[in-house]
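Numbering of ligands and ligand atoms starts at 1, following listing order.
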Amino acid sequence: MEKAALFPQAGGFLHGGDYNPEQWLDRPDILDEDIRMMKKAHVNTATLGVFSWSVYEPEEGSFHFDWLEEMMDRLYENGIYTVLATPSGARPAWLDAAYPEAMRVGKDGRRAHHGVRHNHCMTSPAYREKVRIIDRKLAERFGRHPGLLLWHVSNELGGECYCPLCVQKFQEYLAEKFHHNIEELNQAWWTTFWSHRYQDFTQIEPPFSNGEGSIMGLNLEWRRFTTWNMTDFMKEEIRVLKEVTPDLPVTANFMQLYPGLDYRKMAESLDVISWDSYPRLGNDYETLQETMAETSFHHAVMRSMKPEKPFMLMESTPGLVNWHPFNKVKRPGIHRLASLQAAACGSDTVQYFQWRKGRGSFEQYHGAIVDHLGRDDTRIFREVEQIGADLEKMARVTGTTVHAQTALLFDWDNRWAIQDVKALSEQTKQYEATCMDIYKAFLRMGVEMDVVPSTADLTPYRVVIAPMLYLLQKETARNLTSYVKQGGQLLATYFTGYVDENTLCYLGGFPGDGLSELFGVISEEIDTLYPSDRNAVRFADGTRWEVRDYAETLRVQDAEVLASYEEDFYAGTAAVTRKICGDGAAYYVAARVSAQEMSSLFRTMLAQAGIKTKDLPEGVEYHVRSGEQGSYSFYLNCGTQRAVIDSVSGTDLLRSKAVDGALTLEPGNVAIIETAQQV
Ligand code: GLA
Ligand code: ZN
């Protein structure tokens, strides 16, 4: 099937961002300047209405949309499309005064006062009703506007609510989930422990800060419920929009690895994935290359939710933010590097928060394309202008996608369970960092990884890495087993397969649910090391990996031992094993070692799978997008030295010239090489 660009009307990448003209309605001169400057900056999209409710509906039932219509018309006449948000991310004062149930109740049981944003009760029927009304009005009035590209539902949905309405809904959700059988819940949550048995679903409270926080199954189910309820709220908005404009795509902007919601569940209701990226570029604790690699991981998480189409970088800052621990400005060229990285990873858009700085209030010092200075010759304006010109040169890339042959398994439920588990060390659990470390090792080898759930269809992948897969979903073990039997190369680590989907431990040996047969090992103990403790594992060829933080002792059933521990009472016992199974192989690494060191094993797996690694100069990040129109290799020099990449041939899109041989890239620079699509 032909892969289509997300927004063919735009003829290439979307470039633009959040625009708040409602803050400047008394300054037509500024609004005029905005249009002029947007054109100069090659901006072709504006995200409107994110926080416009109190201007749309200053009093209940009285609607004022003329200003928006005028704005969308003028933008469109000037070649600028609109992404239109629904305004549910922040409420007008009258609404909370009239319907206090719309205000959220916190974990401490206290209801919030009116104010701030992103803090509505997702259950409140009154709030849902008000949102439906305004969404319908917006859809009816603007849904057929030729400039409208996309609905942007609410803004950065997040948080949780402990109000009585939400508590009751949680109880109903539980009753349904556990088949109205409280004994089933008691079993699944092991509530006889500390005498926590329930007799009725109405007795169950969410984990209030001064309430029940000791039942792991309850804590996990509350997070699942919050995702379900937030998704339900979002779906209600989408339903209204789709009723009026069935063909307009819908997105909701995600926040990186936000821990509070399982984005994959929400993604099912969205047409396009979009997210807001604010990396701490230029920090003092890691190299630029590392920060960039982490962002690349975040892009991969987003991309992998709908790998068949491009995603959107909905927000990024062209300069600084105002909420990092240190609000450092991006050094010259860094914003371009990060923007082109998004494109390299599969985004069809480069969008910003925000077009123009607001004069007052919370975000008056947050970066923007247009500063309080108001000029189009600032450093940042010029950089944005340059990116706009670059994106035009690479328009052909839109619609192509990244095709990864390797995958990293990363589950939200597993994150939650690991975060909550009373085991290991709070200081070193580091599930996310462990996953990222592995992703970075593959990136350094020039091998693209998708980041997918443990229940995903793994047939597109030839190598799969499953770090710390502590909680197994119902289908996980079967999925992994059939993957290996069909020829997949799989690697799992310590802390795999301890609990089922309710956090009940598997009996008879970890990893449970049949995985100890797949790997041919049973983990008998897990040792948590103090930060200064060290051990090591040694392979027959003398290769030695340093062990930190965690080490499991194994009973080897029918696996081959590749490496053994060097120290401590488990010296000489198995630490790395492999079991050949059908056409594939299942590796088990029982201790925490750096992914950099594990790369030797990753290389073996990749070679076995027929996947080529790439010899990249230090600091260079590499991605490929491809589609029917061709293949686009992105080289991003995130290092501090000039880099020379050998044997590159094709057309350098940004420099409009042919390359055949060595490609030289200065620090911070990017090359996009087009070649005919290889079959
Ligand atoms: C988020 C929000 C924006 C803005 C930016 C600031 O991404 O969606 O409204 O507050 O953060 O970085
Ligand atoms: Zn609530």
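The closest donor-acceptor contact from the side chain of Ser304 to the backbone of Val451 lies under 3.5 Å.
The minimum heavy-atom distance linking Arg104 with His120 is given by the pair NE-O, 2.7 Å.
Judged purely by distance below 3.5 Å, without hydrogens or angles, the side chains of Tyr439 and Ser296 pair a donor atom with an acceptor atom. Side-chain atoms of Tyr173 and Glu221 include a donor-acceptor pair closer than 3.5 Å. Side chains of Glu205 and Tyr162: no donor on one and acceptor on the other come within 3.5 Å.
Counting only protein atoms, the N, O or S atoms lying less than 2.8 Å from the Zn ion (ligand 2) are Cys121 SG, Cys161 SG, Cys163 SG, Cys166 SG, ordered by chain and residue number.
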Report, one line per pair, each donor and acceptor closer than 3.5 Å where one atom sits in a side chain of residues 132-139; sequence neighbours left out.
| from | atom 1 | to | atom 2 | distance (Å) |
| --- | --- | --- | --- | --- |
| Arg132 | NH1 | Glu236 | OE2 | 2.2 |
| Arg132 | NH2 | Glu129 | OE1 | 2.5 |
| Arg136 | NH2 | Glu243 | OE1 | 2.6 |

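Protein residues with any heavy atom under 4.0 Å from ligand 1: Phe51, Arg117, Asn155, Glu156, Asp276, Tyr278, Glu315, Trp323, Phe353, Glu363, His366.
Residues passing the side-chain hydrogen bond (donor to acceptor under 3.5 Å, both in side chains) test with Thr191, sequence neighbours excluded: Asn186.
Proximity of the aromatic rings of Tyr278 and His324 is defined here by a centroid distance below 6.0 angstrom, and this criterion is not met.
Classification of Arg382 and Glu385 as a salt-bridged pair fails, no side-chain N sitting under 4.0 Å from a carboxylate O.
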